[in-house]
Amino acid sequence: MIIAICLDAAIGWPQVLYARIGHPVTWLGKLIATGDRRLNREKNSYIFRRVVGVLLAGFVIVVAICIALMLSRLLLQGWSRLVLTGVLAWPLVAARSLHDHVMAVAKPLAAGDLAGARHAVSMIVGRNPNLLDEAGIARAASESLAENTSDGVIAPLFWGILLGLPGIAAYKAINTLDSMIGYRTPRHEAFGWAAARIDDIANLIPARLTGLLFALASSRPIAALAVMWRDARAHRSPNAGWPEAAFAGASGVRLSGPRIYADRIANEPWLNGNAPDPTPTDLLDGLALYRRAMMILAFFMIVIVLIAKTV
C-alpha cells in the first residue's frame, strides 16, 4: 500500500492511461450503470427494487473481489509480489487527484475569479455552483476535501492493509456503488438502499481515523478533536461528519450548514458553527493541512510495515 500511495502522489493516474484504458472506477461505474438501467424500473414495487438493488451490490462487490483474487494468485512471491501488488492498487488510491481537484478551485478563488472557481467546484460537489459566493465555494471545496480524504484515500488504504488487493478492490466497488446509486431520491431510495448501508459500514472506522489524522496534522489538535467529538454526530451522514468536523476545528472555520442543490434545499446543522466562514486563504491552508496529513499517513504506514516485519 505504501507503493500505491507513493505512485499516486508522484504521478496520479496519467491521462494517457485514462484515454487508452479508462480507470478501474469507470469500469465499475459502467457495470453499475448497466444494472441501474436494466433493473431499477419505476413500474416495479418498492420491495422488488430493494431486493434487486441488494443483488446488484453483492454482484459488483463479488466481481471486484474475484478479479483481485485472480490477479493476486498470478503474482510471484517475495519482493516482486509486494511491488506488483502496490502497482495494481495504485489506481484505487485518489490522493493526488483529490488534491488537484481542490487546488483547481483554490487557485481561481484566491485570484478573485469566481466564475472559474464555480466551474471547478461544480466538478466535485452536487450543489448549485451559480448560487455560491466566495465563502460558499470555499466551504464546499473544504467539505469535499475533508470527506473524500476518508473515502478516496484512508478507507481504500485501510482495507488494503487489512485484506490486501481484494480488500481495496472491494472497498472501491462499495464506494462506487454508493456514489452512483446510494441516494435518498425517488429513483434510488429502494434500489440504492443496500449500497448506502454497506458503504456506511465500510467507512465506519476509516472516517474516524481520518478525523484523528487531521487533528494530528493540525496546529490546533485539541480544538480539532473537541469539534469532532462535539459536532460529528450532528451531520446527516454517520461517517462524513467525523473528518469534516475535525477539518473545521483544525482550520478554525465553520463547515456544513444550509446549502442548495439542483432540486432541493438542505438545511444542515453547522460544524464548528461559532467560527467564521472559510476564505480563499483558509482553503489554501486546508490543502496544506491535507498534505501534512498525507505525510503523517505515510510515516504511520512505514511504521506498520516495520512492525509487521519484526513480528
Side-chain angles (χ1 to χ4, degrees), residues 1-15 17-18 23-26 28-29 89-110 117 119-127 129 137-160 168 171-172 174-176 178-180 199 202-203 206-207 209-214 216-218 237 239-248 250-251 253 255-256 278 280 282-298 300-301:
M1 294 305 115
I2 294 174
I3 293 170
I5 195 170
C6 287
L7 282 171
D8 180 72
I11 58 176
W13 187 245
Q15 186 60 36
L17 279 179
Y18 186 83
H23 187 277
V25 171
T26 65
L28 289 168
W90 158 38
L92 304 179
V93 181
R96 175 69 175 265
S97 174
L98 175 57
H99 181 275
D100 290 349
H101 276 87
V102 177
M103 184 61 80
V105 180
K107 284 183 176 179
L109 191 63
H119 174 72
V121 83
S122 72
M123 300 292 104
I124 57 175
V125 300
R127 64 199 73 173
I137 295 169
R139 181 156 54 99
S142 295
E143 291 164 13
S144 180
L145 178 60
E147 181 179 359
N148 286 297
T149 299
S150 176
D151 292 355
V153 183
I154 306 302
L157 291 173
F158 174 81
W159 290 108
I168 194 171
Y171 176 77
K172 292 306 291 188
I174 291 167
N175 189 243
T176 306
D178 181 65
S179 68
M180 293 185 66
D199 185 75
N203 282 296
L209 290 177
T210 305
L212 291 174
L213 185 62
F214 280 139
L216 283 174
S218 170
S237 165
N239 295 318
W242 294 86
E244 286 188 26
F247 192 91
S251 302
V253 300
L255 297 178
S256 196
D282 289 321
L283 182 55
L284 289 169
D285 290 343
L287 282 162
L289 172 66
Y290 171 79
R291 291 191 293 270
R292 293 196 299 273
M294 292 302 98
M295 288 188 285
I296 293 172
L297 172 65
F300 278 125
M301 291 177 67

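In what follows, residues are counted from 1 in the order of the sequence shown.
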Determine whether [X] and [Y] make a side-chain contact, defined as any pair of heavy atoms from C-beta on separated by less than 4.5 Å.
X    : Y    : value
W242 : T210 : no
F300 : L209 : no
I168 : V93  : yes
P129 : I137 : no

Taking all heavy atoms of [X] and all of [Y], pick out the closest pair and write down the distance.
X    : Y    : answer
V105 : A141 : CG1-CB, 4.0 Å
V125 : A140 : CG1-O, 3.7 Å
P278 : A138 : O-CB, 3.6 Å
A217 : I296 : CA-CD1, 3.6 Å
A146 : P243 : O-CB, 3.5 Å

[X] side, atom [atom1]; [Y] side, atom [atom2] - distance, nearest 0.5 Å:
X    : Y    : atom1 : atom2 : value
L216 : L289 : CG    : CG    : 10.5 Å
R127 : R139 : CZ    : CZ    : 6.5 Å
L28  : I174 : CG    : CD1   : 11.0 Å

Test of understanding: with salt bridge (charged side-chain N to carboxylate O under 4.0 Å, His left out), list the residues that count as partners of E147, not counting sequence neighbours. none

Return all side-chain donor-acceptor pairs below 3.5 angstrom for residues 148-159, not counting sequence neighbours, or 'none' if the list is empty.
unit_1 : atom_1 : unit_2 : atom_2 : d
N148   : ND2    : S144   : O      : 2.9
N148   : ND2    : S144   : OG     : 3.1
T149   : OG1    : L145   : O      : 2.5
W159   : NE1    : A202   : O      : 2.9

For [X], all residues meeting side chain to side chain contact (heavy atoms under 4.5 Å, CB included), sequence neighbours excluded:
X    : result
M295 : R292
D178 : A196, D199
H99  : M103, L287, Y290, R291

Main-chain N/O of S256 paired to E143 side chain as donor or acceptor, under 3.5 Å: yes

For D282, side-chain hydrogen bond (donor to acceptor under 3.5 Å, both in side chains) partners two or more places apart: T279

